[in-house]
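Within every chain, numbering begins at 1; the chains are lettered A, B, ... in the order of the sequence lines, protein sequences first and strands thereafter. The basis for the numbers below is simple: all heavy atoms, side chains too, and nothing from hydrogens, waters or symmetry mates.
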4 protein chains.
Amino acid sequence: MEGDEVTDMAERPPRRRADAQRNEKTLLDAAAAAFVASGIEAPVRDIAARAGVGVGTVYRHFPTRADLVVAVYRHQVEACAEAGPACLANATTPYAALARWIDLFVDLLVTKHGLAAALRSDDTQFDALHSYFLDRLLPVCSQLLDAAAGSGEIQADLAAYELLRGVGNLCIGAESDPRYDARRLVGLLIAGLRQPGGPAEVPAEPGQQADKPG
Amino acid sequence: MEGDEVTDMAERPPRRRADAQRNEKTLLDAAAAAFVASGIEAPVRDIAARAGVGVGTVYRHFPTRADLVVAVYRHQVEACAEAGPACLANATTPYAALARWIDLFVDLLVTKHGLAAALRSDDTQFDALHSYFLDRLLPVCSQLLDAAAGSGEIQADLAAYELLRGVGNLCIGAESDPRYDARRLVGLLIAGLRQPGGPAEVPAEPGQQADKPG
Amino acid sequence: MEGDEVTDMAERPPRRRADAQRNEKTLLDAAAAAFVASGIEAPVRDIAARAGVGVGTVYRHFPTRADLVVAVYRHQVEACAEAGPACLANATTPYAALARWIDLFVDLLVTKHGLAAALRSDDTQFDALHSYFLDRLLPVCSQLLDAAAGSGEIQADLAAYELLRGVGNLCIGAESDPRYDARRLVGLLIAGLRQPGGPAEVPAEPGQQADKPG
Amino acid sequence: MEGDEVTDMAERPPRRRADAQRNEKTLLDAAAAAFVASGIEAPVRDIAARAGVGVGTVYRHFPTRADLVVAVYRHQVEACAEAGPACLANATTPYAALARWIDLFVDLLVTKHGLAAALRSDDTQFDALHSYFLDRLLPVCSQLLDAAAGSGEIQADLAAYELLRGVGNLCIGAESDPRYDARRLVGLLIAGLRQPGGPAEVPAEPGQQADKPG
DNA sequence: AATGAATGAGATTTCATTCAT
DNA sequence: GATGAATGAAATCTCATTCAT
């Protein structure tokens, strides 16, 4: 992702002060840490303190909290979005690709503590964040869902929006609770998708009903 | 002069004043409404205003916010807990009973706006609420899970805690988002439970575990 | 028994806590002092400190700054407004009544330091204050102007609004500058009103005729 | 063009860098515009932005806000000061000269939005501005007043300081309020100066001093 | 000289909680 | 018991001013 920077051999574009750039990085790290520790609504002053800068500096770089949150997670979101087509290309079936990609999405949410919280917030202040997430990830998820539906592995009628939201919800609080394995529950959800007759119905097929554990 | 504590020997029935009792009921209704409107963190002042009492009265009845939240939802939680055995008795199979009961649990969470939010909060102030919920509902859920596992309909290895938490998470925000149908996703999750090979397994094809993008 | 009941009638109206009432008075005094010292924009925190209360108390009593300013000066404004008809009744001529009333208005502005400043401010936050002043004093001033015009002592075409604003302006800063006598300048302004032919015109009297601007 | 300012590049002597000089002019224009738009307390950043320079540049040229304000209005103040003797030379009487000059002074204040505000401010930061104004204009006004007093057209006892301050005050807010005509009120003030009996006196009628309301 | 990033004091406002009445 | 006034700790955001580049 940082590879983009190498293209400019000269300093043509409006040169940024070195300390400003350092600060931005420091701020993003500090904000990420603060989000983990205090949630997405961590006081600006705390973030500034963690970064060792004044509050004004935070506001200069990120005028709104949403700007900050988006910036904190942009790299990961981008990587996740770009992984979608790769999953499709490499997996044995579209359904496997979907499962794999959802797994990456779960990684994103679980390891970046505040993210799931940010997504669930209905504070209008985070609308921009919601939009960004959906803009970037909905198309990817849609493509995978469509492919899996096209191959007949899953039903066709689950919207990508709903799936993303559900997976996002399942990941809330996962990082702080050792008794809760979000990845496993997401796995159940994805497995549920594969039910031919819909979630509430039992398929009348031999071989799917009789296996009894132990 | 009046009401020295020691004069109690007459053993008057420790009855609460009628108005105090009325207030408690009024307060619970008001709090429930406030939670729906503004979420679980609704200002105490709002709740008092809705109830037509002073804030002091709220604090007298419910010293902490958690006390209030627990009280608000106690009835519903009790009813849900008690429905567990009934489901088991009436359903055709243990798995069906589980599905039915989970459905009731979803009702509880989705219709009582603030509840899912309260459960997801990791504010230590809500620990009491968490405890109450788990104390009351975990055994019920466990029983249902065990029964379904015993009948061979599902795998045995999902903890009731994890299931409740997952379903609770899936219900977050369901009231306010018409594009998100929590009930449907919970259905997928429960359906996933029934998968023969376990949630993490996809149809037996060689190499499918190894698919990695890039 | 009967003795107990007598106090009841006295406490009918919505009882205010004694300290609240005391606080309100203290706050008004503190605000008045702060306005004198730091102008109408004195920090709320300063006002609270002067009054020996917390900032929250200020906001409880006076939600907006304009509320506070209006309250601080309400007594004086009311008294001034009510003096208008009295002036008219007691003075020898309508013009004398006008002059007398304007004098009272100047008293109001000059002795209450911040007032003129508040009136001149074009911060929209003070619109309510402007409105209050105009609502209350414009009609009074109009009546006096009309009477003086009716008696032929002054021209009829000066709007009360303009006169009040002009006098208000002349009073700005008067309390802090010993070299500036607002009362005197207002006197000149009122004297100028009496010119039969309008301010720029010279009455046909010997020795006053030849003035032409530049 | 600013060609007046010696554009000859032949000039060797320790001249200021051309861009610095250009900046100064640009800054003055920008500041004037900002004062009109936002008043004399316009944020430094706004001024810098209007001028297309950094805030540091503003501070380099004008270390204090007062320096900037003085510089912005210096040309006009000089012109006004120099117009005094001219008025006296051209008018038919000293009083007419005074009236004419005051008119020019009003022009200065009314058309240069922020100026009256700057003059009225009692912020010590503007002391330099006050001094500059008085230094430059008081002597001029004094001369005109003295002449008019000498010719018997007005009383001798109004200090130039008081007159300037009064006129200045009358001009406050005149630009933004269509219902308020500062020029007209100043006209009344000047007319009042001509009253034979002095400003405080009303037409000789018995008992008129004693009128009191109530 | 010019730039604009950084600083941090200060202003406003909200609420949970206490406590006088 | 009930009331709601008082409190003051946050939290946000704005700018004047300094200073690294």
Side-chain angles (χ1 to χ4, degrees), chain A residues 14-24 27 41-49 51-61 63-65 125, chain B residues 3 16-21 23-24 41-49 51-61 63-65 125, chain C residues 11 14-24 27 41-49 51-61 63-65 125, chain D residues 16-24 27 41-49 51-61 63-65 125:
Chain A
R15 197 162 43 88
R16 302 197 59 195
R17 266 169 54 168
D19 61 339
Q21 204 153 13
R22 234 179 298 119
N23 264 341
E24 183 142 336
L27 267 174
E41 316 247 19
V44 172
R45 192 175 301 274
D46 284 3
I47 298 170
V53 303
V55 289
T57 303
V58 181
Y59 280 99
R60 163 172 289 271
H61 286 274
T64 74
R65 182 180 293 273
Q125 154 171 65
Chain B
R16 311 182 53 192
R17 272 169 47 171
D19 60 339
Q21 206 153 17
N23 266 341
E24 187 143 333
E41 315 248 17
V44 174
R45 192 175 301 274
D46 284 3
I47 298 170
V53 303
V55 288
T57 304
V58 180
Y59 278 97
R60 166 167 293 272
H61 286 274
T64 74
R65 182 181 293 270
Q125 135 174 86
Chain C
E11 298 192 336
R15 196 162 43 87
R16 302 197 60 197
R17 267 169 55 169
D19 61 339
Q21 205 153 12
R22 235 179 298 121
N23 264 342
E24 183 142 336
L27 267 174
E41 315 246 20
V44 172
R45 193 175 299 273
D46 285 2
I47 296 171
V53 304
V55 289
T57 304
V58 180
Y59 279 97
R60 164 170 288 273
H61 286 273
T64 73
R65 184 180 292 272
Q125 156 171 63
Chain D
R16 308 181 54 195
R17 269 167 51 168
D19 60 340
Q21 205 154 17
R22 233 179 301 119
N23 267 341
E24 186 143 333
L27 268 173
E41 315 249 17
V44 174
R45 191 175 302 273
D46 283 4
I47 298 170
V53 303
V55 288
T57 305
V58 180
Y59 280 97
R60 165 168 294 272
H61 286 273
T64 74
R65 182 181 293 270
Q125 137 175 84

(request) Under 4.0 Å between any heavy atoms, over every strand shown, what does B/Arg65 touch: base, sugar-phosphate, or nothing? Just pick one. (result) sugar-phosphate
(request) Give the nucleotide from the list E/dT3, F/dT12, E/dA16 with an atom nearest to the side chain of A/Pro43. (result) F/dT12
(request) For the residue pair B/Arg45 and B/Val58, establish whether any side-chain heavy-atom pair is separated by less than 4.5 Å. (result) no
(message) Both distances below 3.5 Å, Watson-Crick or wobble geometry, any strand: find the nucleotide opposite F/dA10.
(response) E/dT13
(message) What's the closest nucleotide to the side chain of A/Tyr59 if the choices are F/dT14, F/dT18, F/dA6?
(response) F/dT14
(message) Checking base pairs now: Watson-Crick or wobble, both atom distances under 3.5 Å. What partners F/dA16?
(response) E/dT7
(message) Can you measure A/Glu24 atom CD to E/dG4 atom P for me and round it to whole angstrom units?
(response) 16 Å
(request) Identify, between A/Gly56 and C/Gly56, the residue whose nearest nucleotide on DNA chain E lies closer to the 5' end. (result) A/Gly56
(request) Among E/dA6, F/dA2, E/dT3, find the nucleotide with the atom closest to the side chain of B/His61. (result) F/dA2
(message) Strictly by Watson-Crick or wobble contacts shorter than 3.5 Å, is anything paired with E/dA2, and which nucleotide is it?
(response) F/dT21
(message) The side chain of B/Val44 is closest to which nucleotide in this list: E/dA6, F/dA6, E/dA16?
(response) E/dA16
(request) Determine the contact category for B/Val55: base if any of its heavy atoms lies under 4.0 Å from a base atom, sugar-phosphate if only primed atoms, P, OP1 or OP2 are that close, otherwise nothing. (result) base
(request) Measure from CG on D/Asp46 to P on F/dC15 and round the result to the nearest Å. (result) 8 Å
(request) Of all the heavy-atom pairs spanning B/Glu24 and B/His61, show the shortest one and how long it is. (result) OE1-ND1, 3.0 Å
(request) Please report, rounded to the nearest Å, how far the C1' atom of E/dG10 is from the CD1 atom of C/Ile47. (result) 14 Å
(request) Nearest whole angstrom, please: distance from the P of F/dA16 to the CD of D/Glu41. (result) 9 Å
(message) Using 0.5 Å steps for rounding, measure from the CZ atom of D/Arg60 to the CG atom of D/Leu27.
(response) 12.5 Å
(request) For D/Val53, report the nucleic acid contact type (base, sugar-phosphate, nothing); a contact means any heavy atom under 4.0 Å. (result) sugar-phosphate
(message) Quick check on DNA chain F: between B/Gly52 and B/Arg45, whose nearest nucleotide comes earlier from the 5' end?
(response) B/Gly52
(message) Closest-nucleotide mapping onto DNA chain F: is D/Pro63 or A/Pro63 further toward the 5' terminus? I mean the 5' end.
(response) A/Pro63
(request) Choose from E/dA11, E/dA6, E/dA2 the nucleotide whose nearest atom is closest to any side-chain atom of A/Asn23. (result) E/dA6
